[in-house]
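First the structure, in the form of structure tokens, and then the observations on it.
Values below: every heavy atom of this structure, side chains too, minus hydrogens, waters and symmetry copies. What you see is a predicted model, and the numbers here were worked out from it, not measured in a lab.
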Amino acid sequence: MGKSKTLLAVVIAIMLGGCGQMGSSPEEEPEKTPAEMNPADLPQIDAFQNEYSREMMVSTEPVANGYYLMRSKIGAFTIWFPEEAVFMDNASGVDGDHYEKLRFAYESEEENRGYLVGFQYNYSGYAERPDWLLDNLRKRWDYEEEWKEVEDEHGRTYFGSKVEDMEDYQRYVVIGYKVSSQDAPQGMELLYIASCVDKEAESCQMDLVEEKEYVLQWMKSIQFSGTRGDGGETDGE
């Protein structure tokens, strides 16, 4: 009888131990950011293969068809990065925690289309008086028409577009400024210039309306995080 009781106790102990193991699970390893991953395992587009921009990419999963989410170096905003574009790290940079500029470029001989686009984020300054910046843009680009406006849940964009006749070709220009819907004074300046790669080809038939819609989708993707000029957070104030 003594042996039977001992054996029963051992069996119960094993069962209890087994149940305890079944109820527990090993800690899951935190998901790696694109900056922590091997470039060979990342999407083969410039945003992930460029060392500078890779640190800014949020995920390897597209946020929309043909676009990936990029977070600014100073954490002030997010923006969609088109998989077709090249990130120009030599023309991008930050100044403290209140200013950041991004430059993207694209060129396709097959489409006979190329563009250069620049975004400039600022906290305070022009963001508190967007009319100053818009007047500056008007003078720089000799823009004479009224500004058009489009609003989304993250802010209001003032923009204008025009076709410029150059010496032997035309270029399509879209300029504008997006003001954050938050109380924190934040804004994003836009300059977009597109043209045909082969100016003399018969396929050089770009459409300003299409270029404008392409840019406005980009501006709509910008979401301000609420970073203060001193590095604090507004938390959506």
Side-chain angles (χ1 to χ4, degrees), residues 33-37 39 42-60 63 67-107 114-130 132-137 139-141 154-155 157-159 171 173-180 182 184-195 214-215 217-234:
T33 65
E36 298 170 327
M37 298 172 65
L42 295 170
Q44 297 301 300
I45 66 170
D46 188 74
F48 290 102
Q49 299 304 314
N50 179 300
E51 185 176 357
Y52 184 101
S53 57
R54 182 163 58 245
E55 296 180 359
M56 303 166 66
M57 302 308 294
V58 176
S59 170
T60 57
V63 69
Y67 292 90
Y68 292 86
L69 190 63
M70 170 180 277
R71 179 177 289 112
S72 82
K73 280 278 187 180
I74 61 176
F77 60 90
T78 56
I79 187 172
W80 290 4
F81 187 99
E83 62 181 12
E84 64 188 19
V86 171
F87 182 84
M88 303 179 67
D89 54 295
N90 60 342
S92 303
V94 302
D95 182 6
D97 56 10
H98 63 280
Y99 172 88
E100 181 166 359
K101 63 178 180 179
L102 302 175
R103 296 291 184 274
F104 307 146
Y106 171 71
E107 186 173 288
Y115 65 72
L116 178 66
V117 61
F119 297 95
Q120 287 190 183
Y121 164 88
N122 54 68
Y123 186 101
S124 190
Y126 280 130
E128 296 184 275
R129 289 294 305 271
W132 292 352
L133 186 138
L134 291 171
D135 283 344
N136 186 290
L137 282 174
K139 293 173 182 176
R140 277 191 292 162
W141 291 95
H154 306 300
T157 298
Y158 302 86
F159 70 96
R171 66 181 186 179
V173 179
V174 183
I175 53 178
Y177 193 67
K178 181 172 183 175
V179 181
S180 172
Q182 300 176 6
Q186 299 169 280
M188 182 76 78
E189 179 184 347
L190 159 78
L191 170 59
Y192 176 88
I193 302 175
S195 64
Y214 176 74
V215 173
Q217 176 175 296
W218 225 340
M219 292 298 282
K220 185 178 180 180
S221 80
I222 297 170
Q223 181 174 349
F224 299 99
S225 66
T227 302
R228 293 186 186 278
D230 60 5
E233 295 295 322
T234 66

- Task: Assess whether ring pair (Phe, Tyr, Trp, His ring centres under 6.0 Å) is satisfied between Trp218 and Tyr67, documenting all intermediate values.
- Result: CA-CA 10 Å; Trp218 225 340; Tyr67 292 90; 7.1 Å; no
- Message: Could you measure the distance from the CE atom of Met56 to the CD1 atom of Ile79? Nearest 0.5 Å is fine.
- Response: 9.0 Å
- Approximate separation, where rounding is to 0.5 Å, of Ile175 CD1 and Asn136 CG: 10.0 Å
- Query: When the ring centroid of Tyr121 is compared with that of Phe77, is the distance short of 6.0 Å?
  - Reply: yes
- Query: Is there a side-chain contact between Tyr158 and Val179 (heavy atoms, below 4.5 Å)?
  - Reply: yes
- Message: Any side-chain to backbone donor/acceptor pair from Gln49 onto Asp46? Under 3.5 Å, distance only.
- Response: no
- Task: Would you check if the side chain of Ser221 reaches a backbone N or O of Trp80 as a donor-acceptor pair within less than 3.5 Å?
- Result: yes
- Message: Would you say that Phe224 contacts Met188 through its side chain, given a criterion of any heavy-atom pair below 4.5 Å between the two side chains?
- Response: yes
- Message: What's the separation between atom CD in Glu107 and atom CG in Leu116, rounded to the nearest 0.5 Å?
- Response: 11.0 Å
- Message: Please determine whether a side-chain nitrogen of the Lys or Arg among Glu189 and Arg140 lies less than 4.0 Å from a carboxylate oxygen of the Asp or Glu.
- Response: yes
- Polar side-chain atom of Glu83 near backbone of Phe81 as donor-acceptor pair, under 3.5 Å: no
- Task: Taking side-chain contact (heavy atoms from CB on, under 4.5 Å) as the test, write out the residues that go with Asn90, two or more places apart.
- Result: Met88
- Task: Tell me whether the centres of the aromatic rings in Tyr115 and Phe104 are closer together than 6.0 Å.
- Result: no
- Item | Atom pair OG/OH of Ser53 and Tyr68 - distance to nearest 0.5 Å | 13.0 Å
- Query: Looking at Gly75 and Ser225, what are the two nearest heavy atoms and their distance?
  - Reply: O-OG, 2.6 Å
- Task: Can you sort out the partners of Tyr99 under ring pair (Phe, Tyr, Trp, His ring centres under 6.0 Å), two or more places apart, ordered by chain and number?
- Result: none
- Item | Glu84 side chain reached by Ile45 side chain, heavy atoms, under 4.5 Å | no
- Donor on one side chain, acceptor on other, Arg71 and Gln223, under 3.5 Å: no
- Could you pull out all residues at least two apart from Tyr177 that satisfy ring pair (Phe, Tyr, Trp, His ring centres under 6.0 Å)? none
- Message: Can you tell me how far apart NE2 (His98) and OH (Tyr123) are? Round to the nearest 0.5 Å.
- Response: 12.0 Å
- Item | Lys101 atom NZ, neighbour heavy-atom count above 12 within 6.0 Å | yes
- Task: Check whether any side-chain heavy atom of Trp141 sits under 4.5 Å from a side-chain heavy atom of Val173, and report yes or no.
- Result: yes
- Looking only at atom types and distance, does a side-chain atom of Lys178 sit under 3.5 Å from a main-chain N or O of Met219, one as donor and one as acceptor? yes
- Pro82 side chain near Tyr214 side chain, heavy-atom distance below 4.5 Å: yes
- Determine whether Leu190 and Val174 make a side-chain contact, defined as any pair of heavy atoms from C-beta on separated by less than 4.5 Å. yes
- Could you check if a side-chain atom of Lys73 sits within less than 4.5 angstrom of a side-chain atom of Glu55, using non-hydrogen atoms only? yes
- Item | Residue Glu36 excluded, over 12 heavy atoms near CD under 6.0 Å | yes
